[in-house]
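Report on one structure; see the data block that follows.
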Amino acid sequence: MDVSHLIDSLNDAQREAVCAPPGHYLVLAGAGSGKTRVLTHRIGWLNQVEHVPPWAILAVTFTNKASGEMRARLEQLIPGGTQGLTVGTFHGIAHRLLRRHWREAGLPESFQILDADDQQRLVKRVVAGLGLDEARFPPRQAAWQINSWKDEGKRAENIEHGQHPVTRTLVQIYQAYEDACRRAGLVDFAELLLRAHELWLKQPAILEHYQQRWRYLLIDEFQDTNALQYAWIRVLAGSTGQVFVVGDDDQAIYGWRGAKVENVQQFLRDFPGARTIKLEQNYRSTSNILKAANSVIERNGGRLGKQLWTAGEEGERIAVYAAYNEQDEARFVIERIREYIAEHGEAKDCAILYRSNAQSRNFEEQLIQHDIPYRVYGGLRFFERAEIKDALSYLRLTANRHDDAAFERAVNTPPRGIGDRTLDVLRRRARNERMSMWEAALSELSMGNELAGRAKNAVKGFLSMIDEMAHAFAPSPPRGEGWSEELGLPKDSAPDNPSPNPLPGGERANAVLPLAEQIDHAIVQSGLREFYEKDSRGNAESRVENLDELVNVASRFEMTPDDIEAGLNELSAFLSHAALEAGEGQGESWDNCVQLMTLHSAKGLEFPLVFLVGLEEGLFPSQRSIEDEGRLEEERRLAYVGITRARERLVISHAESRRMHGSEMLARPSRFLGEVPPSLVDEVRPRVQVSRPLYAGRFAATPPSLKEDLPVKLGQRVSHPSFGEGVVVSAEGSGAHTRLQVNFESAGSKWLVAAYAKLTPL
DNA sequence: CTTAAGAGGGTTTTT
DNA sequence: CCCTCTTAAG
């Protein structure tokens with residue numbers, strides 16, 4: 001068989017990886033070194049040369065986008081040969097396993113997935129339910145802690161709190177949250193992974209089955225795996241699986257959410273005979289850009305060590321612009337983009353990369369002013385929108401009445417007279433009797449006496465509405481679902497709601513209503529559509545449009561063979577899909593737009609012209625990373641990621657003064673700027689001479705002195721005759737009015753007028 | 001239940 | 001400064 005298409009286009013290192021004999025491999029793939037190509041070609045090689053059947057291969061990625069791309073490229077590479085091949089995200093694969101083995105995993109068949117937002121709301125209710133002070137135990141942080149524990153593979157019962165009261169309470173929250181999830185049949189993202197891992201450990205027969213099946217494991221972006229994902233892979237590999245991991249320790253930028261770069265080295269220890277292959281030839285950037293990237297990343301310790309090189313041209317030097325303030329910075333960047341477009345370039349080839357989302361604003365304003373189309377990545381995605389989640393919560397309830405997260409959301413959206421007081425009665429009952437909100441409502445209606453007539457009717461109406469919806473969707477409901485019927489609630493009493501219109505097509509005995517019609521039905525019958533149509537707030541129109549789009553999305557939705565095999569019905573499959581793939585953000589990717597995004601979301605992308613903005617101490621590296629060496633190194637890797645996004649031209653900017661959180665802050669240029677060799681840099685002069693040049697190399701070697709060169713740089717150590725020694729932490733104003741905030745070791749934090757305070761730089 | 005004023009918090013993000 | 005969420009008043 002001719003396999004030249006698999007290897008012809010590869011360089012030596014790539015070919016070594018693709019054609020490697022059986023065994024474990026760590027492919028250290030530098031930025032732009034053809035990582036995805038190696039991964040896909042390796043799969044092609046296994047299949048066509050080693051004759052590994054597709055079903056024996058498991059390829060794991062982190063994002064849906066990456067797995068989609070991999071699948072598409074595989075389809076091209078081995079036409080028709082991807083049947084049975086498993087490509088997916090960790091979460092997607094764990095989800096499939098749990099669907100197929102729900103019983104063994106201890107889950108209800110109809111379990112639903114809780115997204116991050118749902119999770120936080122639920123934690124919040126749990127915190128309130130435990131009678132804890134939300135200020136002392138912010139739900140946000142509690143949820144974060146729970147996720148960290150899960151990512152470490154820990155259950156509430158195996159956490160040592162060692163009498164530490166705060167930890168003990170957090171464990172309590174964790175426990176209560178888990179109970180709530182179990183009662184409601186809900187599984188959050190981290191839980192998908194943890195359950196799947198526990199499935200391996202507790203069900204040896206199932207584990208063995210998959211060990212026999214997936215003998216070839218390929219993992220993308222390995223440096224981003226967390227402890228649990230690593231453990232999952234390791235257990236699955238067992239003693240027979242062959243593991244091929246691809247990653248780059250220099251691009252590990254997700255440590256803060258539990259990713260463990262250490263896994264890369266751990267892999268070499270845990271997998272006997274594992275070999276390392278380095279991909280160092282870069283096909284993306286000019287040599288100047290690579291030199292800059294190398295010289296920045298070199299300052300990190302403990303690297304596995306790679307040095308990117310290119311056979312390509314030296315290219316332009318890196319332009320560095322010292323802006324007067326953030327507005328000047330935005331003006332400059334947009335001006336350069338206009339020039340670029342005017343000359344030959346396209347808007348979509350330009351990217352503005354920043355450290356934090358808040359920075360996009362100034363650039364957006366400038367872009368709007370100059371009528372340049374742009375797209376901001378990140379932000380709310382389709383399935384995360386409130387109106388979409390509202391609509392889906394009705395569907396979730398029809399699928400599973402115990403879904404408390406959906407209940408809480410749907411019950412009074414749109415308002416139907418079920419306010420906090422009523423809900424508190426139900427919540428209390430649910431908590432005391434350890435039941436779901438739905439059960440609590442039923443029980444309150446039939447034997448409780450805490451609700452007044454009006455509230456009672458409203459609740460009754462809500463319950464029957466959901467039952468009616470479920471009935472309309474699938475005329476013979478699964479046993480155990482039509483509970484209001486069992487408890488003698490009249491099916492047709494929906495006092496606050498109009499009775500449903502006859503369905504198009506009349507009677508459909510035993511026929512399940514098509515998904516899109518179910519959703520349309522739910523949107524109309526719930527009153528959501530009317531509610532948003534009459535909504536007086538600004539974006540009502542787009543909300544209604546989104547609801548329409550949801551119906552469209554549903555009509556286009558098709559179950560995958562996996563969904564069918566796992567025994568999912570269309571609704572469950574759709575709901576899972578909505579949670580696991582939140583969908584694209586707004587804006588059409590094919591439009592010719594300037595791209596704005598954070599450095600984090602830029603990973604994996606490339607652009608001919610890149611603007612790396614806001615390179616200031618305190619912003620990038622961020623203030624919170626500066627104190628800790630480990631976090632600082634992660635910031636440096638972020639800088640490395642940013643630089644290596646550029647193909648032809650890189651422009652770096654920083655502002656001397658920036659409005660942050662309302663006040664004017666002075667900032668020194670980022671240390672990362674100083675780590676770029678001055679010989680590679682072109683300092684761009686401001687049009688109007690407004691400020692001293694501060695950049696590139698100079699500041700790093702000799703910080704400007706305080707006396708002659710006001711305003712002082714932040715971070716400067718100073719001495720004061722009466723307050724002693726301290727560090728300048730911020731500054732305000734300019735010239736004679738400059739005031740400095742100094743953190744004194746003994747005297748604490750003080751604001752001083754720079755002109756009068758007798759400060760001596762140390 | 002709706003609206004307005006106030007408090008609090010402001011890296012980074014996917015699933 | 002700007003956004004979100006909570007709370008108080010209507």
Side-chain angles (χ1 to χ4, degrees), chain A residues 60-67 88-95 113-121 124 128 134-135 138-141 144 147 150-151 187-194 196 221 224-226 228-229 252-259 326 353-362 377-381 383-384 386 412-422 454 458 531 534-537 576-583 585 597-604 614 618-626 631 634-635 637-639 641-642 658-665:
Chain A
V60 192
T61 63
F62 272 83
T63 65
N64 293 302
K65 193 173 159 213
S67 67
T89 63
F90 277 103
H91 295 267
I93 291 161
H95 172 242
I113 301 168
L114 216 51
D115 71 14
D117 179 63
D118 293 334
Q119 183 190 35
Q120 232 181 76
R121 287 162 187 264
K124 186 173 173 160
E134 285 190 28
R140 215 184 125 77
Q141 273 175 45
W144 187 86
N147 288 334
K150 289 191 181 186
D151 286 346
V187 169
D188 61 46
F189 289 132
E191 184 74 18
L192 287 171
L193 301 176
L194 185 49
E221 303 278 19
D224 288 340
T225 49
N226 64 30
L228 189 50
Q229 287 157 340
I253 55 176
Y254 286 110
W256 54 273
R257 64 170 197 213
E326 76 281 356
L353 310 182
Y354 36 79
R355 177 65 237 266
S356 75
N357 286 305
Q359 288 168 257
S360 72
R361 199 186 190 83
N362 289 305
Y377 283 72
L380 267 199
R381 287 166 317 159
F383 285 109
E384 290 168 353
N412 207 31
T413 325
R416 47 173 73 86
I418 306 177
D420 260 343
R421 293 190 59 105
T422 307
R454 205 163 60 162
F531 173 66
K534 291 185 178 159
D535 193 355
S536 54
R537 290 166 298 193
S576 303
H577 169 83
L580 283 173
E581 304 192 32
M597 68 191 82
T598 62
L599 287 154
H600 281 91
S601 28
K603 193 170 80 157
L619 182 60
F620 185 31
S622 79
Q623 193 58 54
R624 294 157 89 157
S625 323
I626 285 177
R631 302 179 78 183
E634 184 154 306
E635 296 278 305
R637 292 193 288 268
L638 201 50
V641 166
R658 179 181 296 274
R659 231 190 148 73
M660 276 178 96
H661 310 313
S663 58
E664 217 52 53
M665 303 285 277

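Everything numeric here is computed off the predicted structure, so don't read it as measured data. Just so we're on the same page: letters track the sequence lines, and every chain starts at 1.
At whole-Å resolution of the value, CZ in Phe62(A) and P in dT14(B) are 13 Å apart. Distance, Tyr354(A) OH to dG10(B) P: 19 Å, rounded to whole Å. In this structure, the CD atom of Gln359(A) is 17 Å from the C1' atom of dC3(C), given to the nearest Å. Atom P of nucleotide dC2(C) and atom CD of Glu664(A) are separated by 13 Å, given to the nearest angstrom. Put simply, CZ on Arg658(A) is 14 Å from P on dT11(B), counting in whole angstrom units. What separates NZ of Lys65(A) from P of dT14(B) is a distance of 10 Å, to the nearest Å. For Ile93(A) and dT14(B), the CD1 to C1' distance is 15 Å, given to the nearest whole Å. For Ile253(A) and dT14(B), the CD1 to P distance is 11 Å, given to the nearest whole Å.
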Stepwise side chain to side chain donor-acceptor pair (under 3.5 Å) check, Glu326(A) with Asn362(A): CA-CA 7 Å; Glu326(A) 76 281 356; Asn362(A) 289 305; 4.7 Å; no
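In this structure, Asp115(A) reaches neither bases nor backbone, as no heavy-atom distance under 4.0 Å exists between it and the strands shown. Note on Glu581(A): nothing from the nucleic acid sits closer than 4.0 angstrom, heavy atoms only. Using a 4.0 Å heavy-atom criterion, one finds that Ser356(A) contacts the sugar-phosphate atoms exclusively. Within the 4.0 angstrom heavy-atom criterion, base atoms lie near Ala116(A). Looking at heavy-atom distances under 4.0 Å, Phe90(A) makes no contact with the nucleic acid at all. Counting any heavy atom pair closer than 4.0 Å across all strands shown, Asn147(A) reaches no nucleic acid atom. Heavy atoms of Arg659(A) sit under 4.0 angstrom from primed sugar atoms or phosphate atoms, though from no base atom. Among the heavy atoms of the strands lying under 4.0 Å from Asn357(A) are primed sugar atoms or P, OP1, OP2 only; no base atom is included. Residue Ser625(A) is classed as a base contact, given a heavy-atom separation below 4.0 Å to a base.
The phosphate of dT14(B) has neither OP1 nor OP2 within less than 4.0 Å of any side-chain N or O from Asn64(A). Under 4.0 angstrom from either OP1 or OP2 of dT15(B) there lies at least one side-chain N or O belonging to Arg381(A). Phosphate proximity of dC3(C) to Arg361(A): present, with a side-chain N or O under 4.0 Å from OP1 or OP2. Taking 4.0 angstrom as the limit, Asn412(A) places a side-chain polar atom (N or O) nearer than this to OP1 or OP2 of dC1(B).
Across all non-hydrogen atoms, the minimal contact from Glu581(A) to Phe383(A) is O-CD1, 3.5 Å. Residues Thr61(A) and Ala66(A) share a closest heavy-atom pair of CB-CB, 3.9 Å. Counting all heavy atoms, side chain and backbone alike, Ala190(A) lies closest to Asn147(A) at CB-OD1, 4.0 Å.
The nearest heavy atom of DNA chain B to Tyr254(A) and to Gly662(A) marks one nucleotide each, and the one closer to the 5' end goes with Gly662(A). Each of Pro415(A) and Ala579(A) was matched to the nucleotide of DNA chain B holding its nearest heavy atom; the match closer to the 5' end belongs to Pro415(A).
Minimum atom distance to the side chain of Thr598(A) is reached by dT13(B), of the listed dT13(B), dT15(B), dT11(B). Distances were taken from every side-chain heavy atom of Arg624(A) (C-beta onward) to each of dG10(B), dC1(B), dT13(B); the shortest belongs to dG10(B). Candidate nucleotides dT12(B), dT15(B), dC1(C) were compared by shortest atom distance to the side chain of Arg355(A), and dT12(B) ranks first.
Side chain Arg631(A) to base dT11(B): a donor-acceptor pair is found below 3.5 Å.
Glycosidic conformation, dT12(B): anti, with the torsion outside 90° of 0.
For Lys603(A) and Asp224(A), the salt-bridge test passes: some basic side-chain N is under 4.0 Å from an acidic carboxylate O. Ion pairing of Arg637(A) with Glu634(A) is present here, as a side-chain N (NZ or NE/NH1/NH2) and a carboxylate O approach within less than 4.0 Å.
Gln359(A) places a side-chain N or O within donor-acceptor distance of the main-chain N or O of Ser356(A), the cut-off being under 3.5 Å.
Distance noted for atom P between dC5(C) and dT12(B): 16 Å (whole Å).
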